[in-house]
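Values reported hereafter were calculated over all heavy atoms of this structure, with side chains retained and with hydrogens, waters and symmetry mates removed. The chains referred to below are lettered A, B, ... by the order of the sequence lines, with proteins before strands, and numbering in each begins at 1.
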Amino acid sequence: MQYPFSDIEPKWQRYWLEHGSFAASEDPSKPKMYVLDMFPYPSGAGLHVGHPEGYTATDILCRFQRLKGVNVLHPMGWDAFGLPAERYAMQTNIHPQITTEQNISNFRRQIQMLGLSYDWTREVNTTDPGYYKWTQWIFLKMYGSWYDDRIQKARPVCELEAELAATGTQHLTCEEHCTAGQWNAKTTLEKQKLLDRFRLAFISEIPVNWCEALGTVLANEEVAEWTDKGYTVERKPMRQWMMRITAYSDRFLKDGESLDWPVSTLEQQKNWIGRSEGAEIDFQMQNGDAQIRVYTTRPDTLFGATYMVLSPEHPLVDAVTTDAQRTAVSIYQMQAAVKSELERGVDKDKTGVFTGGFVINPATQKPIPIWIADYVLMGYGTGAIMAVPAHDERDFDFAKKFDLPIVYVVDGASSDAAAFTGDGVAVNSANGEVSLNGLNTADAMKAISAWLEQSGRGAKAVKFKLRDWLFSRQRYWGEPIPIIQWEDGTKSPVDERELPLLLPDLKKFQPSGTTESPLALAEDWVNVVDPATGMKGRRETNTMPQWAGSCWYYLRYIDPANDAEFCSKEKMAYWMPVDLYVGGAEHAVLHLMYSRFWHKVLFDLGFVSTNEPFIKLRHQGMILGEDSRKMSKSRGNVINPDDVVEEFGADSLRLFEMFMGPLEEMKPWSTKGVEGVHRFLNRIWRLYVTEEGTLTSVFTDAPAAAEFERLYHQTVKKVEDDIAALRFNTAISQMMIFINEAMKQPSLNRSMMKNFVVILSPFAPHIAEELWEKLGSATAMSESASWVPYDPSMLVSDEVMIVVQVNGKIRAKFSAPKDTDDAELKKCAYAEPNVKAHTDGKTIVKEIVIRNKLVNIVAQ
RNA sequence: GCCAUCAUGGCGGAAUUGGUAGACGCGCUGGACUCAAAAUCCAGUUCCCUUUAAAGGAGUGUCGGUUCGAGUCCGACUGAUGGUACCA
């Protein structure tokens, strides 16, 4: 007989929903905890067994904290803009809003069927105009801000305008300089162009990853995801919206140090940001005045720089190319232009063309040839390198292929077969002003840097791999970017009071046929006329990427219905920051960096009070199929949560997913394992409830046996400690031990067994509520119960088992009263016959006694 | 290649500060109940030798080190997983 989970689970789910059992409100008298799950993309496929893993973990913690009297915020919502819904619309012509609503209903049903204690009054949906109004609002804040390097902080653009009007660009880092007078004399359009160089959201004409089949561009970090699915991505220069995420590189690194995040995630972000220290060095052209600046992390090898390589896109390529080489260079540039960065990387075989030009190596004063090659990327450093083939593998390969000179300047394992890239002693590195010879790499670096700086030829520099965030997508199903482009070339943001800028209702969702989004076809929507001036304009047809809505949803949960602000400051002050954030590791460098970025901008502008959004982060490990391989339809090893709940109940699913192993580890599904925890719940049920469904008569008011009572206190403590540390598997195993023992007891103490239901309830809330009711409580557990205390004095037994080792090997065990002194323990140890057998005839060298634990005798 | 993490029975895993390795669950073996089966309950289950038991030996990827004592600490290696990839 199985316990009636299919009756009691819907019963309590209805009860919690109807009574708003988990609704949270601000209460300054109580400590708060904000526990957040990564909200799902509601796909047509429905919930995957991976979702309940993270969701159950946070649910257990939340239910536990509520029992402890903590005010818990635990919301759920939908990340519902995105490509899959739009692609489905292209195929079926069903509006993505309709499919999105259907998918959300299905996801909500599935999540509610798991008994997760969300506050459903705070549900958010990124496609809801009431939500994306504020996504657009934040976009306008980014557009209206710039990053001030001097104070490492974002500021409103109006402050920049004030500074330009007062002092021009003299105190600013800027490529194009102007005085206050020149600024004030500029036209509106000219002013806008200069300001655009500073804005955190700006338009740029850059080579992007264009996918014809999807009809949109993809961010660099998104390319792999789609090429894996068989799509082709090409490189194409296009006008795109960008976000200046690179401004925050240093702050990401510095603030990351204080976060309680998985090391691997912090490490990934660190690699992604890719900070490196080196020097920028100027090389003088042999003919002409121009200088070419390179970036290197090994300035100490300058004497070994035997040629220079420019990226094919480098702006000085034309200037350095001789007439004789011009045709070859142009052909190479065209070939490089169509290759995606991915293709460039795949083919490690070096290609390149000599430009005919030369620069002077500032250290040796010798002319060296300038080449172009696609192994040098325009997007990193200065787009130009000094090639040191003796000490760089790539330069070495290139030099070998094109027969360029190789000069060793670091003494190491030099050979003709490979470059020596390690540290060593500098050689062949001296001119009339500086000598590095005899110095180790670190000292040589210092010496050459000092010389470069003092002679004005170069300076120390820090570079990052991180690039600005490609923000626009040529899609329909995303937030419209609230900017209008006027016919005179100026642009203006949509007035805040006019937000949300609604998506027009389209009838067809095919790509526009050009590189514009389908929005370009909605002429009534796209074309606007300024009522004041009569000037014609066009709305931005690009939309925001899916990441935009998820950048700030954790803030909206705090105040989901607020129509006047994205979130009230008072409520934010109470709930922020997020105390625990749980979700998949696949978001390590995308969502988790984008939302840190937006949060920091909002922080700089004074809209949020913390500089980081998520204090503590954990990833749930992937759940593999029963065959230990990744779950996939094609392998036929996908487990559907609906089926598991149908057969075993939600409590069993929850319990099993937590019992499988550590939260963060990857682990295979096991149907037998679900049956195992299901048996455990059945055993509990039979212990409390008779065949007739009434409370068992085994429960009495008599005190429990001492040993069993000790186990009870140990269990409470272990479950409490383990939940706090997110070690749910060991908490469950302890409860199993307790129940196994309970079944052997002739009678059971009623209040102890009632308390056990409390500690079980975070894990298996439905069965716990039902037992709580059967135990005669007038109110539901979720409303009236609190966590139960344990007695620390009851944790340890009066008798302890002492292990006796001889030379580190266990030879005997005996039981002794707790805290027996060392001398007595030694005496007892020697009294053991097997200890005698192993020590007789030997000299005792040493005796180690650890109280209440062991005696180790060292004998020779 | 580089960076990070990890490696324990037939399987998932436990061992919180170095102190009884294998908790708990699965599987398997035997037994009880039953006409029989399912369900349930009881006992056993790291490997080897003896085998009734006691006792003994080996054992946490490999090799070495520190220590009275190492799954745990240190060094080298091997393998797996994830990330990244011409970033100068």
Can you measure [X] atom [atom1] to [N] atom [atom2] for me and round it to whole angstrom units?
{"X": "A/Leu825", "N": "B/C68", "atom1": "CG", "atom2": "P", "value": "21 Å"}
{"X": "A/Trp272", "N": "B/C2", "atom1": "CH2", "atom2": "C1'", "value": "15 Å"}
{"X": "A/His587", "N": "B/G83", "atom1": "NE2", "atom2": "P", "value": "13 Å"}
{"X": "A/Tyr3", "N": "B/U40", "atom1": "OH", "atom2": "P", "value": "14 Å"}
{"X": "A/Gln620", "N": "B/G82", "atom1": "CD", "atom2": "P", "value": "16 Å"}
{"X": "A/His391", "N": "B/A88", "atom1": "NE2", "atom2": "C1'", "value": "15 Å"}
{"X": "A/Glu832", "N": "B/A55", "atom1": "CD", "atom2": "P", "value": "11 Å"}
{"X": "A/Lys809", "N": "B/G56", "atom1": "NZ", "atom2": "P", "value": "11 Å"}

Exercise for the section: Please check if the side chain of A/Gln620 supplies one atom and the backbone of A/Leu663 the other of a donor-acceptor pair under 3.5 Å. Expected result: no
Does [X] reach a base, just sugar-phosphate, or nothing at all? Heavy atoms under 4.0 Å.
{"X": "A/Met743", "result": "sugar-phosphate"}
{"X": "A/His838", "result": "sugar-phosphate"}
{"X": "A/Asp395", "result": "nothing"}

Completion exercise
With sugar-phosphate taken as primed atoms, P, OP1 and OP2 and all else as base, the protein-contact string of nucleotides 10-31 of chain B at under 4.0 Å (heavy atoms; B, S, -) is --BSS-B--BBS-BBSSS----
Handout entry: Within the 6.0 Å centroid threshold, strictly below: A/Tyr712 and A/Tyr790
Key = no
Problem - Separation between CZ of A/Phe728 and CD1 of A/Ile60, rounded to the nearest 0.5 Å - result: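 Output value for this atom pair is 5.0 Å.
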Practice task
Have a look at B/G27 and give me syn or anti from its glycosidic angle (syn if within 90° of zero).
Solution key: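 Anti for B/G27; the angle lies over 90° from 0.
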Completion exercise
By the Watson-Crick or G-U definition, both distances under 3.5 Å, B/A76 is matched with B/U62
Rounded distance in Å between the [atom1] positions of [N] and [M]:
{"N": "B/U16", "M": "B/C6", "atom1": "P", "answer": "15 Å"}
{"N": "B/G9", "M": "B/A14", "atom1": "P", "answer": "13 Å"}
{"N": "B/G27", "M": "B/U34", "atom1": "C1'", "answer": "24 Å"}
{"N": "B/G22", "M": "B/G10", "atom1": "P", "answer": "15 Å"}
{"N": "B/U46", "M": "B/A53", "atom1": "P", "answer": "14 Å"}
{"N": "B/C3", "M": "B/G19", "atom1": "C1'", "answer": "36 Å"}

Problem - Residues in side-chain contact (heavy atoms from CB on, under 4.5 Å) contact with A/Thr730, at least two apart in sequence or another chain - result: A/Lys718, A/Asp722, A/Arg727
Exercise for the section: Please name all residues satisfying side-chain contact (heavy atoms from CB on, under 4.5 Å) with A/Ile844, sequence neighbours left out, ordered by chain then number. Expected result: A/Tyr830, A/Thr839, A/Glu847, A/Ile857, A/Ala859
Problem - A/Glu647 versus A/His678, side-chain donor and acceptor atoms under 3.5 Å - result: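 Judged by distance alone, the side chains do not pair up.
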Handout entry: Which residue lies more 5' along RNA chain B, comparing A/Met386 with A/Asn807 via nearest heavy atoms
Key =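 Whichever sits nearer the 5' end wins; that is A/Asn807.
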Exercise for the section: Could you work out which one of B/A88, B/G57, B/C68 sits closest to the side chain of A/Arg811? Expected result: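 Of all the options, the side chain of A/Arg811 is nearest to B/G57.
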Practice task
Using a strict 4.0 Å threshold on nitrogen-to-oxygen distance, state whether A/Arg618 and A/Glu664 make a salt bridge.
Solution key: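 Yes, charged N to carboxylate O under 4.0 Å.
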